[in-house]
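Reckoned from all heavy atoms, side chains included, excluding hydrogens, waters and symmetry mates. In what follows, every chain begins at residue 1, and chains take the letters A, B, ... in the order their sequences are listed.
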Amino acid sequence: MSKLDSKIPAGPVADKWKNHKDHMNLVSPNNRDKIDIIVVGTGLAGGSAAATLAEQGYNVKAFCYQDSPRRAHSIAAQGGINAAKNYQGDGDSTYRLFYDTIKGGDYRSREANVYRLAEVSASIIDQCVAQGVPFGREYGGQLDNRSFGGVQVKRTFYAKGQTGQQLLLGAYSAMSRQIGKGRIKMHNRHEMLDLVIVDGKARGIIARNLVTGEIERHSAHAVVIASGGYGNVYFLSTNAMGSNVSAAWKIHKKGAYFANPCYVQIHPTCIPVHGTAQSKLTLMSESLRNSGRIWVPKNIEDAVAIREGKLKPENIAHENRDYYLERRYPAFGNLVPRDVASRAAKERCDAGYGIENNDTHEGVYLDFSTEITKKGKEAAIEQNIHNPTEQQIYDLGKSWIEEKYGNLFVMYEKITADNPYVTPMKIYPAVHYTMGGVWVDYNLQSTIPGCFVIGEANFSDHGANRLGASALMQGLADGYFVLPYTIADYLSADIRTGTISTDNAEFDTAEKEIQDKVNFFINNKGTHSVDHFHKKLGHIMWNKVGMGRTPEGLREAIQEIEEVRKDFWANVRVPGEANEMNMELEKAFRVADFLELGQLMAKDALERRESCGGHFRWDHATPEGEAERDDENFKYVAAWEYNGSDINQEVMHKEDLIYENIEVKTRSYK
Amino acid sequence: MSAKKGLSLTLKIWRQKNNKSKGQFETYKISDVSTDSSFLEMLDMLNENLVNEGQEPIAFDHDCREGICGMCSLYINGRPHGPDTGITTCQLHMRMFKDGETIHIEPWRSAAFPIIKDLVVDRSSFDRVMAAGGFISVNTSGNTLDANAILVPKEDADSAMDAAACIGCGACVATCKNGSAMLFVGAKVSQFALLPQGRVEAERRVLNMVKTMDEEGFGNCSNTGACEVECPKGITLEVIARMNREYFVANLDKG
């Protein structure tokens, strides 16, 4: 019997959330302090959830592996946050944001969840402005908007190129207020290592204090996982170094289904890989695609000359450049969705036109010269400068760009030593955001009662591909406006339960398992560092479960990952001690989980015999190289059930995706 | 881009087992460091070598490696975040160093940031200052005014953004001879002081934050401006002036 009951409320999609809220059970204010809630992760989702739950009066225990909740990886998001405010009067609406999100996700997300996301998006902006988030403004004092890939309206709110930072600091300040009141007990430098289930319900976690090494027991009436995505399975990604899958994977091993693990977003605008010692990839905000034109040389000799350093991009005449996105997708041009832009870059580089001087020649140009000239001319007219010189146009255009994206340009120059005002930026796709995650129902509850999953860690809203500027929206929507309602419905049964004890067999067993694993790592007389295995895994994942996948490659990947995993458990070396700060030990726990998840990702990708969003199968492509979806056979969510340490034995459950409000069409951005 | 590859370096790194034990500099040699690598990637390489030799790697804080989370620290050759300006350690690249150079690497130095291990310090004092008032007391219910009902002049919003850009890395404290946190606290106070939202509780905010800042053991501003020079996000001394003004007025009102 399948546990997959999505619990989508009945009625028209526009009324579902309102009706559901009207009929859910509540916990009255005087009973809320009898209830403890654990929140794992303090990014946009976890931070906003912790603050709101504490505000409502629950006792919140929040955990993060960083030294402060302010450092969660949401802080690195640059471009903006979507909201259907229609401040620009360009026809935006809840329905249109809903439609764009479903379409952008290649019709692989759940209608009811996405509609709710679009519906609450407007409140997020009100909330954040009230908290003092300094969004960009027009001269009249009203909020400014910009546009992102895959859409034809301006609905993205931004705070310079640091939107994620400002929104996270907003949530962190709301948390700080509750920490000061004693309603949130913050556990910095703590990592959740297991979920504890008592009588079939999530009742606590085992965490390791990363400073003292102590293995701790924490109990609660409900556990909320907000631990973000699992992109670091690829080793090189745009994620923070510490971002990991452990919390989500641990609940999977305890019974929560893991949905669509193969859906990974490859972001088109990252700085290309420079060498083998590289630890991390840096994203250049997608908002740059508003002002930049992407191209490679039209002639292969020019590409070769550029790679050899004999030719500079600014010396290639306009007619000798191939603006391939504008050529292939005239309607959307440089603003096509991320998966489309990423694949198009790969196609050009595979064909030999890549411009980066690295082993794989992987790199294309993001050029701002057209925009600098255009904005310079506009500014000259505004300032009554007749017949401006070229230098004047450039200077005015440059200061426009500087105002809009200055910090990104500085960052690029620091990393590459190239000045992007003069020479185009070099970019290439990189692993960015994961759309797969723990399966949750409409209430954001996993298949384990009392265990909720929010933000990037769950699966429901983005389908096979996420629209730009929607990650911040989903994190905050879940944390501020969805979970606080739905969790109350669950907790209303717990007002008489009383404090959950940590002195029972379930906590004993879970703690012992973790302690044994710690002992194993510390005592294993291995030969290789944790990173050695992580890099091997990443290499397999990028080459065989990356931007283009084949059945043969995926079968090989499954086999190879299994071998790396075996090798890891035999030969990993973790120096240092258990009862103190030990970063190698932290990594060992995380990589052990990545190795299992990586295998499941390959397995899921192999089963999904179609191309959709970031999951592109070469054996399911049109003659022009566009993704070929198979709605008849694959319009479902693949939710995997753990079945012991042999990942190949996981069982797939299907949740059919039903579209009642949107006509399922072939995506076209031409 | 520099084509020069393969630096050989001598590293003098502060090692300290924990908060109770004494620390000392240890010397390490490393070669073949790409000039395109970041400083932290160079330390990754060193740590990989140490693990392979069965030694304990050097503990240092880092996370996003994009210059925004504020987790990385490191005092490099006597300067927080090293010799380049306007960046965090993770954005410092090895092209800033010469072949054969000796590099000194230390943790943040401040009484309010006790050492946890090697190069890792405890900056939770910043969180406690924030919990004392670094927020606007608005319910997180979504039942607020429409965002455009609060008009903010663009110049004010931009200045608030400049102050809000602080990443809480602590370089300002580490470089200050008094270990003062006034650039950090001033940045937060300024962000809210420049916006109409939260004006109602402005006096309480500045009084509580300054009080907590003092209790946490941060020193007074010495007006030397080292914090401004070392701030990776270009926060200026103006925020300290604004905080002092806010504090002065709040005290007058209180009296």
What are the two closest heavy atoms between [X] and [Y], and how far apart are they?
X	Y	answer
B/R95	A/I415	NH2-O, 2.9 Å
A/G242	B/D63	N-OD1, 2.7 Å
A/R177	B/V138	NH1-O, 3.4 Å
A/I125	B/A147	CG2-CB, 3.8 Å
A/A130	B/Q197	O-CB, 3.8 Å
A/A159	B/M161	CB-SD, 3.9 Å

Between [X] and chain A, which part of the residue has a heavy atom less than 4.5 Å away: side chain, backbone, both or neither?
X	value
B/N208	neither
B/V121	backbone
B/A132	neither
B/I150	both
B/E66	both
B/A165	both
B/L50	neither

Charged N to carboxylate O below 4.0 Å: is that the case for [X] and [Y]?
X	Y	answer
B/D158	A/K160	no
B/D61	A/R71	no
A/R137	B/E155	no
B/D84	A/K414	yes
B/E48	A/K587	no
A/E580	B/K117	yes
A/E577	B/K17	yes
A/K85	B/D146	yes

With a 4.5 Å cut-off on heavy-atom pairs, point out which of [options] contacts chain B the most.
options	result
A/S123, A/G309, A/S529	A/S529
A/G275, A/G180, A/G576, A/G132	A/G132
A/Q131, A/M581, A/M241	A/M241
A/A171, A/P134, A/A72	A/P134
A/E584, A/K181, A/R189	A/R189
A/H528, A/Q178, A/H532, A/Q278	A/Q278

Taking atom [atom1] of [X] and atom [atom2] of [Y], what is their separation to the nearest 0.5 Å?
X	Y	atom1	atom2	result
A/H274	B/T35	NE2	OG1	9.5 Å
B/Q191	A/Q166	CD	CD	6.0 Å
B/C64	A/N239	SG	CG	11.0 Å
B/S141	A/F481	OG	CZ	7.5 Å
B/K233	A/Q162	NZ	CD	6.5 Å
A/T212	B/I116	OG1	CD1	10.5 Å

### Message
Run the salt bridge (charged side-chain N to carboxylate O under 4.0 Å, His left out) test on A/E403 and B/K154 for me, step by step, so that the C-alpha distance in whole Å, both residues' side-chain angles and the decisive distance to 0.1 Å come before the verdict.
### Response
CA-CA 12 Å; A/E403 156 93 1; B/K154 183 176 177 353; 2.9 Å; yes
Interchain contact, [X] with chain B, by part (heavy-atom threshold 4.5 Å):
X	answer
A/L281	backbone
A/Q78	side chain
A/Q165	side chain
A/F135	backbone
A/N188	side chain
A/T276	neither

### Task
Verify side-chain contact (heavy atoms from CB on, under 4.5 Å) between B/V120 and A/M583, making sure each step is shown before the conclusion.
CA-CA 11 Å; B/V120 178; A/M583 291 174 175; 3.9 Å; yes
### Query
For residues 39-59 of chain B, which residue pairs qualify under ring pair (Phe, Tyr, Trp, His ring centres under 6.0 Å), counting only residues two or more places apart or in two chains?
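Found B/F39-B/F97.
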If you count heavy-atom pairs within less than 4.5 Å of chain A, which of [options] leads?
options	value
B/M45, B/R65, B/E56	B/R65
B/N143, B/T144, B/D122	B/T144
B/L145, B/L195, B/L194, B/N139	B/N139
B/G234, B/S137, B/S124	B/S137
B/F126, B/F60, B/F135	B/F135
B/P153, B/G86, B/S37	B/S37

### Message
Under a plain distance cut-off of 3.5 Å, with no hydrogens placed, do B/D127 and A/S68 share a side-chain donor-acceptor pair?
### Response
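Indeed, the side chains of A/S68 and B/D127 share at least one donor-acceptor pair under 3.5 Å.
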### Query
Between the side chains of A/S279 and B/E41, is a donor N or O closer than 3.5 angstrom to an acceptor N or O?
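Judged by distance alone, the side chains do pair up.
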### Message
With a sphere of 6.0 Å drawn around CD of B/E238, does it hold more than 12 non-hydrogen atoms of other residues, nucleotides or ligands?
### Response
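Not more than 12 within 6.0 Å, no.
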### Query
Counting only heavy atoms not in B/Y28, do more than 12 fall under 6.0 Å of its OH?
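Yes, the 6.0 Å shell around OH holds more than 12 heavy atoms from other groups.
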### Task
Under the ring pair (Phe, Tyr, Trp, His ring centres under 6.0 Å) rule, collect the residues that match up with A/H432, sequence neighbours excluded.
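Scan of A/H432 (ring pair (Phe, Tyr, Trp, His ring centres under 6.0 Å), adjacent residues dropped) gives A/H267.
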